[in-house]
Protein chains: 2
Amino acid sequence: MTGQLANTVETAYEYLRDRVVTFRVKPGERLNESEIAATLTMSRAPIREALNRLIADGLVSFEPRRGFFCRRLSISEMAELYAVRYDLESGALRQSLAAADGGAISAFVQKWRFAGAMRPSDDIDAFVTADEAFHLELAALAGNAARLKFLENINNRIRFVRRINLETRDGALDEHHDLLDAVDTRDATAAQQILRNHLDRSAEEVRDQVQQAIARIYADDVA
Amino acid sequence: MTGQLANTVETAYEYLRDRVVTFRVKPGERLNESEIAATLTMSRAPIREALNRLIADGLVSFEPRRGFFCRRLSISEMAELYAVRYDLESGALRQSLAAADGGAISAFVQKWRFAGAMRPSDDIDAFVTADEAFHLELAALAGNAARLKFLENINNRIRFVRRINLETRDGALDEHHDLLDAVDTRDATAAQQILRNHLDRSAEEVRDQVQQAIARIYADDVA
DNA sequence: GCCGACCAACCTGTCGACAATTCTAACGTC
DNA sequence: GACGTTAGAATTGTCGACAGGTTGGTCGGC
């Protein structure tokens, strides 16, 4: 029974990350180590190791002698993460448009120009995934792996709110196409501006979306 | 013996982070859990939890059944982190200069205008600390805690190279003062430009500094 | 009826133990 | 002398156990 071929900590890490990111664990809820260990049929040790990794990811918090807790949905934190996300995506955009290699850029534009028939109302999960992929691939053109890691971390943390944002504002897809046009013509300032309008959230917008998120977390039957 | 009041994992985490950040553990070197546990007079469990946190921090790597390893000094990674650092600090600058609250900005300018008598040759450790503080406080003016967390992570990862950069180029302090002037007059574009010149590293520069860093890590008596 | 003290169950913090695997080095062969 | 093999040592992966703190509820006093 001891000799698991697959990495136990990794299993626990991904399981827990998924539960926390999707808020299947409620915000602020304590994560019972023994319970999780029983669910995954492993001991508490790998669970704790995984939870400590999630601390560094900013996905769970920790209080001594009390345990690990699911992150809370904070309006200010979401706004902050959106601002950081703009910093990073904007920097990637500037870098990749300034760089010489136009082949990758053209390929990116080609790929996404004709891939945008999806509507949020169809399948929201798939739409969120596609949205993340679009932005990540755009950022990836700059060829900076470290930046991508940070962006993936941000994506995990804002995903729940992002989904609601995509549901609410149907224009997201059009903005992607405008962005593609600017990228295609290597118009850096236009691209930056579109990206900024695309990502800038007013305080009220974020507050509304976080409220909707919280409502949805606590009640499955919210419209 | 069991009842340590202080948090054991936290102790291990900070101890290990310090060792890895300062490369007192050599790049690529395996971190022997039992040895560390013996040194800190604790068991392996909290050590492993701390190490897992460092994984998420990007400070150690992990190979199944082989253990945890100190991060390697990668030229490309350093260059990438400097680029991300520019994204974040530049974003913070734009945000804080656009915001209304000038009081905090003035206080910042006042504080650092007259605090710059330090020279790299005096005490390099103190100088690096001061340099980090300057940049962090400048970024903090934007009031975005999430961004600061990311910057602190980057600082930990580039510190060893940053130190050499500060030793090599004596002009860093003058650039800080130019930056202060631009911030004082709320000249966003000038400030961005100065910051960019301040942080932009040529590929050769980074390569040289990483090489110097590696040399210094493996031999204490390098000039 | 309300509040605070006490108690029991639960949970975390940490440890030592053991199985499985990897590393090391001695050994023998070509 | 170089190289593959193989036993032995060292190290990781995981577990169960236990001490000590936390929580929540009950009971008695006011």
Side-chain angles (χ1 to χ4, degrees), chain A residues 1-20 24-72 218, chain B residues 1-20 24-72 218:
Chain A
M1 184 61 84
T2 342
Q4 294 273 57
L5 281 203
N7 202 334
T8 332
V9 179
E10 201 71 20
T11 310
Y13 175 68
E14 278 166 26
Y15 171 80
L16 288 169
R17 188 181 58 192
D18 182 61
R19 303 269 301 179
V20 168
R24 297 191 52 182
V25 194
K26 304 288 177 284
E29 186 180 342
R30 206 188 65 205
L31 296 157
N32 189 323
E33 301 173 15
S34 313
E35 197 178 318
I36 298 164
T39 305
L40 298 180
T41 56
M42 55 178 75
S43 91
R44 280 171 50 220
I47 305 289
R48 285 181 64 95
E49 292 178 16
L51 285 169
N52 270 285
R53 239 190 268 187
L54 290 172
I55 285 184
D57 283 334
L59 290 173
V60 311
S61 65
F62 172 74
E63 296 176 35
R65 288 275 168 207
R66 299 208 47 233
F68 298 85
F69 296 82
C70 179
R71 71 201 169 113
R72 296 183 174 282
Y218 283 102
Chain B
M1 185 63 83
T2 342
Q4 294 273 54
L5 279 205
N7 202 338
T8 332
V9 179
E10 201 71 18
T11 310
Y13 175 68
E14 278 166 26
Y15 171 79
L16 288 169
R17 189 181 57 192
D18 183 62
R19 303 268 300 179
V20 168
R24 298 191 52 182
V25 194
K26 303 287 176 289
E29 186 180 340
R30 206 191 68 208
L31 296 156
N32 190 322
E33 300 172 14
S34 313
E35 198 179 317
I36 298 163
T39 305
L40 298 180
T41 57
M42 54 178 74
S43 90
R44 281 171 50 222
I47 305 289
R48 286 180 64 95
E49 291 180 15
L51 284 169
N52 270 286
R53 237 190 270 190
L54 290 171
I55 285 185
D57 283 334
L59 291 173
V60 310
S61 67
F62 172 75
E63 296 177 35
R65 287 274 166 208
R66 299 209 45 233
F68 298 86
F69 297 83
C70 178
R71 70 201 170 118
R72 295 182 174 283
Y218 283 102

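Within every chain, numbering begins at 1; the chains are lettered A, B, ... in the order of the sequence lines, protein sequences first and strands thereafter. All values below come from the heavy atoms of this structure, side chains included, with hydrogens, waters and symmetry mates left out.
- In this structure, the CD atom of A:Glu33 is 6 Å from the P atom of C:dG13, given to the nearest Å.
- Between the CD1 atom of A:Ile55 and the C1' atom of C:dG13 there is a distance of 14 Å, rounded to whole Å.
- Picking from D:dG13, C:dT12, C:dC15 the nucleotide with the shortest atom distance to the side chain of B:Ser43 gives C:dC15.
- Note: CD (A:Glu63) to P (C:dG13) measures 11 Å, nearest angstrom.
- The distance from atom CZ of B:Arg48 to atom C1' of C:dC15 is 15 Å, rounded to the nearest whole Å.
- For the pair A:Glu49 CD and D:dT12 C1', the computed distance is 10 Å after rounding to whole Å.
- Here D:dC15 is the nucleotide among D:dC15, C:dA17, C:dG13 with the atom lying nearest to any side-chain atom of A:Ala45.
- Rounded to a whole Å, the CG atom of B:Asn7 is 14 Å from the P atom of C:dT12.
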**Request:** Apply side-chain contact (heavy atoms from CB on, under 4.5 Å) to the pair B:Val9 and B:Arg53, showing each step before the final yes or no.
**Result:** CA-CA 10 Å; B:Val9 179; B:Arg53 237 190 270 190; 3.4 Å; yes
Could you go over nucleotides 22-24 of chain D and give all protein N or O partners under 3.5 Å, atom names and distances?
residue	atom	partner	partner atom	Å
D:dT23	OP1	A:Arg66	NE	2.3
D:dT23	OP1	A:Arg66	NH2	3.3

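- In this structure, the side chain to side chain donor-acceptor pair (under 3.5 Å) partners of B:Arg44, at least two apart in sequence or on a different chain, are B:Glu33.
- Atom CG of A:Asn52 is separated from atom P of C:dT12 by 13 Å (rounded to the nearest Å).
- For the ring pair (Phe, Tyr, Trp, His ring centres under 6.0 Å) test, residues two or more places apart in sequence or in another chain that qualify with B:Phe68 are B:Phe62.
- At a threshold of 4.0 angstrom between heavy atoms, the contacts of B:Leu51 with the nucleic acid are absent.
- Residues satisfying the salt bridge (charged side-chain N to carboxylate O under 4.0 Å, His left out) test with B:Arg72, not counting sequence neighbours, are none.
- Of all heavy-atom pairs spanning A:Ala12 and A:Leu40, the tightest one is CA-CD1, 3.9 Å.
- The side chain to side chain donor-acceptor pair (under 3.5 Å) check on A:Arg30 picks up nothing, with sequence neighbours excluded.
- Sequence neighbours left out, not one pair with a member in residues 29-59 of chain B passes ring-ring contact (aromatic ring centres under 6.0 Å, His included).
- Rounded to an integer number of Å, the gap from A:Phe62 CZ to C:dC11 P is 16 Å.
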